[in-house]
Amino acid sequence: MKIQDSVVFISGANRGLGLAFAQEALKRGARKVYAGVRNPTSTNTPGIVQVELDVSDAASVAAAAAQCGDTTLLVNNAGIARLNSSVLDVPMINLSREIFETNYYGTIRLSQAFALTLANNGGGAVINVLSDATWFARPMLAAYSASKSAAWSFTNALRVELRNQNTAVLGLHVSFMDTDMTHGFDMKKTSPRQVAEAALVGLEAGKEEVLADSFTREVKQSLSTEKAIYLNPPEIA
Ligand SMILES: NC(=O)c1ccc[n+]([C@@H]2O[C@H](COP(=O)([O-])OP(=O)(O)OC[C@H]3O[C@@H](n4cnc5c(N)ncnc54)[C@H](OP(=O)(O)O)[C@@H]3O)[C@@H](O)[C@H]2O)c1
C-alpha cells in the first residue's frame, strides 16, 4: 500500500515510536493521522487528529473505531514494559496479566475493531509493533517477551485471515530504541524515527515483516542454529 493519501490510525501516538510513526506518515504524504492517545491535549498539529483511546478498554477501542471510519492503515503501537525480578516470583502472574492486557489483547481489540473499516476502504494495512524479544526472553523481561511472542503469533494468523479482504499485515520487530521505555538502560539504541521509516518503506514495498536493526536480524537468523540467541540472551545494564 502507498502512504501517500492514506489515513493512518496509530495507538499510543503521543510519544516514542507512535509519535515517530505519525511524523513519518505525514512526511510521506498521509492525508490524515489519527493519534490514539489516553489523554488528549489541546495541542494542534496540522494533519494530526487526537482520538481518545485506551487499548485495554473494549468500549474505548470501539468508540475510536467508530470515530475513524476513513482509516486505511492501522498501527498497533501502544505497549508497556514492566520488569519482573524473577520468573519464580508469584507477582509475575499479575504483571503478565497487566502487560498482556495492553500488548496482546490491546492488539487483538484494535485489529478486530478496525478490520471491517479497512475492508470497506479497499483493504489497506495493519502494522503490529513487536520486538526482538519476540524470539528470546531474559528473566527480568519474561512477561514482556511472552506478550510480544503472543502478539507475533496473533499477527501471523491475522495476516492469513485478512488476505481474504486484501488487507496487508506487517510485523515490525525492533531491538532497543531511544524512547521513554528504555530510559535508564545503557544500551545501543535505534532512533524511533528510523524505525518508523523502515516500517513504512517496507510496507510500501509489500513486505510482511520488517526487522529494523542488525541485532534483531541476528536474533531471528540464529533461531534454528546451535548458537541460537534465545539459549544465551545478552544481559542488559
Ligand atoms: N523502546 C524500545 O526499545 C522498544 C523495543 C521494541 C519494541 N518496542 C515497542 O514499541 C512500541 C512503542 O514503544 P515506545 O518505546 O515508544 O514506548 P513509550 O515511549 O513508553 O510509549 C508507549 C506508548 O504507548 C501508550 N500506551 C501504553 N498503554 C496504553 C493503553 N492502555 N492505551 C493506549 N495507549 C497506551 C503510551 O501512552 P501514555 O503516554 O498515555 O502512557 C505511549 O504513547 C511498544 O509496543 C513497545 O513494546 C519498544
Side-chain angles (χ1 to χ4, degrees), residues 9-24 33-41 43 48 50-65 74-83 97-111 113 126-138 140-141 143-152 154-155 170-196 198-199 209-217 219-220 233-234 236-237:
F9 185 102
I10 306 161
S11 63
N14 50 314
R15 58 192 173 99
L17 180 63
L19 178 60
F21 260 114
Q23 292 164 335
E24 196 57 36
V33 170
Y34 290 117
V37 299
R38 282 197 279 205
N39 300 302
T41 62
T43 316
I48 298 187
Q50 290 194 9
V51 177
E52 192 166 345
L53 175 75
D54 180 343
V55 302
S56 67
D57 176 350
S60 167
V61 170
L74 167 67
V75 183
N76 277 309
N77 164 77
I80 55 171
R82 305 272 187 268
L83 300 182
R97 287 202 179 101
E98 182 194 351
I99 294 178
F100 267 69
E101 205 51 66
T102 299
N103 296 6
Y104 180 58
Y105 299 118
T107 298
I108 297 178
R109 277 187 201 101
L110 272 174
S111 303
V126 179
I127 295 177
N128 285 349
V129 179
L130 304 166
S131 174
D132 59 347
T134 304
W135 298 306
F136 71 90
R138 303 172 172 96
M140 71 191 296
L141 278 163
Y144 176 78
S145 295
S147 75
K148 292 296 183 181
S149 300
W152 179 51
F154 173 73
T155 301
L170 184 150
L172 169 65
H173 299 261
V174 56
S175 188
F176 284 95
M177 287 181 289
D178 194 6
T179 66
D180 295 343
M181 188 176 274
T182 61
H183 183 73
F185 288 114
D186 185 15
M187 305 287 287
K188 187 178 164 209
K189 298 174 190 175
T190 317
S191 121
R193 194 65 190 263
Q194 272 181 345
V195 173
E209 194 160 81
V210 167
L211 311 180
D213 55 86
S214 58
F215 183 65
T216 300
R217 290 190 283 277
V219 170
K220 193 179 178 205
I236 48 176

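For ligands, and for the atoms within them, numbers begin at 1 and follow the listed sequence.
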Relative to the heavy atoms of [X], which atoms of ligand 1 are at a distance of less than 4.0 Å?
X	answer
Phe176	3 (O)
Gly79	22 (C), 24 (O), 27 (C), 44 (C), 45 (O)
Asn14	37 (O), 38 (P), 39 (O), 42 (C), 43 (O)
Gly16	16 (O), 19 (O)
Asp180	19 (O)

Within 6.0 Å of OH in Tyr105, more than 12 heavy atoms from elsewhere: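 Count not over threshold, so no.
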Over 12 foreign heavy atoms within 6.0 Å of CD, Glu98: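 Atom CD in Glu98 is packed in, count exceeds 12.
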Which segment of [X] sits under 4.0 Å of ligand 1 when only heavy atoms are counted:
X	value
Leu19	neither
Thr182	side chain
Asn103	neither
Val55	both

Main-chain N/O of Asp132 paired to Lys220 side chain as donor or acceptor, under 3.5 Å: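 Side chain of Lys220 to backbone of Asp132: no pair is present.
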Under 3.5 Å: donor-acceptor pair, side chain of Thr216, backbone of Leu211: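 Side chain of Thr216 to backbone of Leu211: no pair is present.
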Quick one: look up the protein heavy atom nearest [atom] and list residue, atom name and how far away it is.
atom	value
atom 15 (O) of ligand 1	Thr179 OG1, 2.5 Å
atom 8 (N) of ligand 1	Tyr144 OH, 3.5 Å
atom 16 (O) of ligand 1	Leu17 N, 2.8 Å
atom 33 (C) of ligand 1	Leu53 O, 3.4 Å

Leu130 heavy atom under 4.0 Å from ligand 1: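 So Leu130 counts as touching ligand 1.
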Tell me the nearest of [options] to [atom], using heavy-atom distances.
atom	options	answer
atom 27 (C) of ligand 1	Arg15, Glu52, Met177, Arg38	Arg38
atom 13 (O) of ligand 1	Met181, Lys189, Lys148	Met181
atom 5 (C) of ligand 1	Ala81, Ser131, Ser60, Ser175	Ser175

Minimum heavy-atom distance Phe215-Ser175, with the two atoms named: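 For Phe215 and Ser175, the tightest heavy-atom pair comes out as CD2-OG, 3.7 Å.
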Heavy-atom pair of closest approach, residues Ile48 and Ala22: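 Closest pair (atom of Ile48, atom of Ala22, distance): CD1-CB, 4.0 Å.
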Geometric class of the Trp135/Trp152 ring pair [parallel <30°, tilted 30-60°, perpendicular >60°]: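 Trp152 vs Trp135 ring planes: perpendicular.
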